[in-house]
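When a residue number appears, it is its place in the shown sequence, counting from 1. As the structure is a computational prediction, the values presented were derived from the model and not from experiment. Side chains included, hydrogens not; waters and symmetry mates left out as well; all remaining heavy atoms used. Start at 1 and go down the list; that is how both ligands and their atoms are numbered.
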Amino acid sequence: MSITIEQIRSDFPILKKEIEGKPLVYFDNAATTQKPRQVIDSVNEYYRLHNSNVHRGVHLLSRQATISFEETRKKLAAFLNAAHDYEIIFTRGTTESVNLVAYTYGEANIHEGDEVIVSGLEHHSNLVPWQQLCFRKRAKLRVIPVLDNGELDLASYTALLNERTRLVAVNHISNTLGTINPVREITRLAHEYGAVVVIDGAQALSHGPVDVRDIDCDFYAFSAHKTYGPMGIGGLYGKEELLEKMPPFHFGGEMIETVSFEKTVFNKLPYKFEAGTPNVADAIAFGAAVDYISNLGWDTIRQQENLLLEYGTEKLLQVEGLKIIGTASHKASIISFLLDNIHFYDAGSVIDHFGIAVRTGNHCTQPLMARFGIQGTIRASFSFYNTTAEIDRLVEAINKVKELFA
Ligand code: PMP
């Protein structure tokens, strides 16, 4: 790496924080990533210097806000390799993006007797909207089973596909196990049956390049806050021809072309799906996050995260009585584990006293926990700003947990 880890860390003010006199170790990056100075400054600067509503006024501030807002859309389109800027719709995040597709495409195209496929690895955000749609429509929800190593059972997936399959919704990377799913292959197979594919990219955007045209998915949902950007903003990529045919999600200002009491003509893409005043400040700061990642470069990010995954896996496996759940051959830097005879909440609380933030619980994947016959796990998820020395501190803390509960 030409840039040092210290230089990278100095961009993230929160990493200087101390917890109970110990430097913070932040290993909850799959829940949300920390924000670099550039992103924080962007939000601050927007409200101090540029605050104005977009697409409305002809005055300078509004024109500037609109340009910066649309600039982020362009950056995101390039980041995801979308064919057009207007295929990127701003939402509050992955959850809202998935709901958008379920309530618009889903309501219009899923009918009684149709089948929707999800995977056993899904976050509730990419499961419950489809389950509820199926209830409303009397459609059938089918589930791709998960193998013991946390990979999807692709043979079973192939067997599930049939002429009634209308939609397949899977995540790109599992937030709980770190499994990187073969989304290109999953999409190719779904398309053979004419089914549309929704990818939940919440975890993927921060770990490596995403190319929606290469994957050929129909929709791709993401959240800024998991990608070093602010909370409350995210997006949905959708193929133009599908977005054009879909009805709007929310109705109101912005999404209209003309309104009379008799009828409303909807706005063109992407505004048709962006009713109301958007989260302008955070959208612009999302653009700053994309710039930050692009400047750092995927090589640097992947090198550090792969190192942490390898080092973390090796060190954790040396702890007696520790079991890693999720050992897929392609994994992101996320490690879920359990300690023999020690409840994950107890372990998490003690680890917290060491100033180390790990996530404990079911990670919004209750069916996946049921698949493994467990209630939850302890999850350490690493970012490029983490270090092997921090992993050593985690291992030390785990050994203390074991002593305490021996
Ligand atoms: N899908 C996955 C895989 C996730 O990890 C998350 C967040 N934990 C979500 C969806 C939901 O994202 P958000 O809360 O930002 O809408």
Side-chain angles (χ1 to χ4, degrees), residues 26-35 39 76 89-103 118-132 143-144 146 150-152 168-183 186 197-208 210 215 217 219-237 249 278-279 282-283 285-286 289 305 325-326 328 330-336 357-369 371 376-383:
Y26 187 75
F27 281 164
D28 197 14
N29 294 287
T32 198
T33 52
Q34 296 303 346
K35 321 304 172 200
V39 168
L76 285 168
I89 294 156
F90 284 116
T91 65
R92 286 191 296 130
T94 307
T95 304
E96 190 173 64
S97 297
V98 174
N99 275 282
L100 189 160
V101 182
Y103 275 103
V118 295
S119 92
L121 281 174
E122 296 318 305
H123 187 282
H124 299 156
S125 291
N126 196 34
L127 163 59
V128 183
W130 305 119
Q131 177 195 57
Q132 298 297 313
V143 183
I144 309 169
V146 177
E151 290 178 7
L152 290 178
V168 175
V170 293
N171 62 39
H172 196 162
I173 295 181
S174 157
N175 61 307
T176 303
L177 305 184
T179 312
I180 302 175
N181 289 311
V183 285
I186 288 170
V197 177
V198 182
I199 306 289
D200 166 357
Q203 293 295 333
L205 223 56
S206 62
H207 291 297
V210 169
I215 298 169
C217 56
F219 300 99
Y220 195 96
F222 52 94
S223 302
H225 74 96
K226 295 190 192 276
T227 315
Y228 308 99
M231 291 191 173
I233 187 83
L236 174 72
Y237 156 81
F249 182 27
N279 183 350
D282 291 320
F286 191 6
E305 291 186 352
I325 316 287
H330 295 289
K331 265 185 77 165
S333 48
I334 296 173
I335 306 179
S336 254
V358 289
R359 177 79 178 265
T360 45
N362 61 53
H363 318 293
C364 298
T365 53
Q366 288 182 19
L368 179 62
M369 295 295 95
R371 152 71 180 82
T377 71
I378 306 159
R379 181 188 70 187
S381 49
F382 312 125
S383 158

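Listed by chain and residue number, the protein contacts of ligand 1 are Thr94, Thr95, His123, Ser125, Asn175, Asp200, Ala202, Gln203, Ser223, His225, Lys226 (heavy atom within 4.0 angstrom).
Under the rule for a salt bridge (Lys or Arg N to Asp or Glu O under 4.0 Å), the partners of Glu96 that lie at least two apart in sequence or sit in another chain are Arg92.
Between the side chain of Asn171 and the backbone N or O of Asp200, no donor-acceptor pair lies under 3.5 Å.
Aromatic ring orientation, Phe249 versus Tyr103: parallel (interplanar angle below 30°, classes split at 30° and 60°).
Side-chain contact of Ser383 with Thr33: a donor-acceptor pair under 3.5 Å is absent, judged by distance alone. Side chains of Thr91 and Ser97: a donor-acceptor N/O pair is present below 3.5 angstrom, by distance only.
Between Ser333 and His207 the shortest heavy-atom distance is OG-CE1, 3.4 Å.
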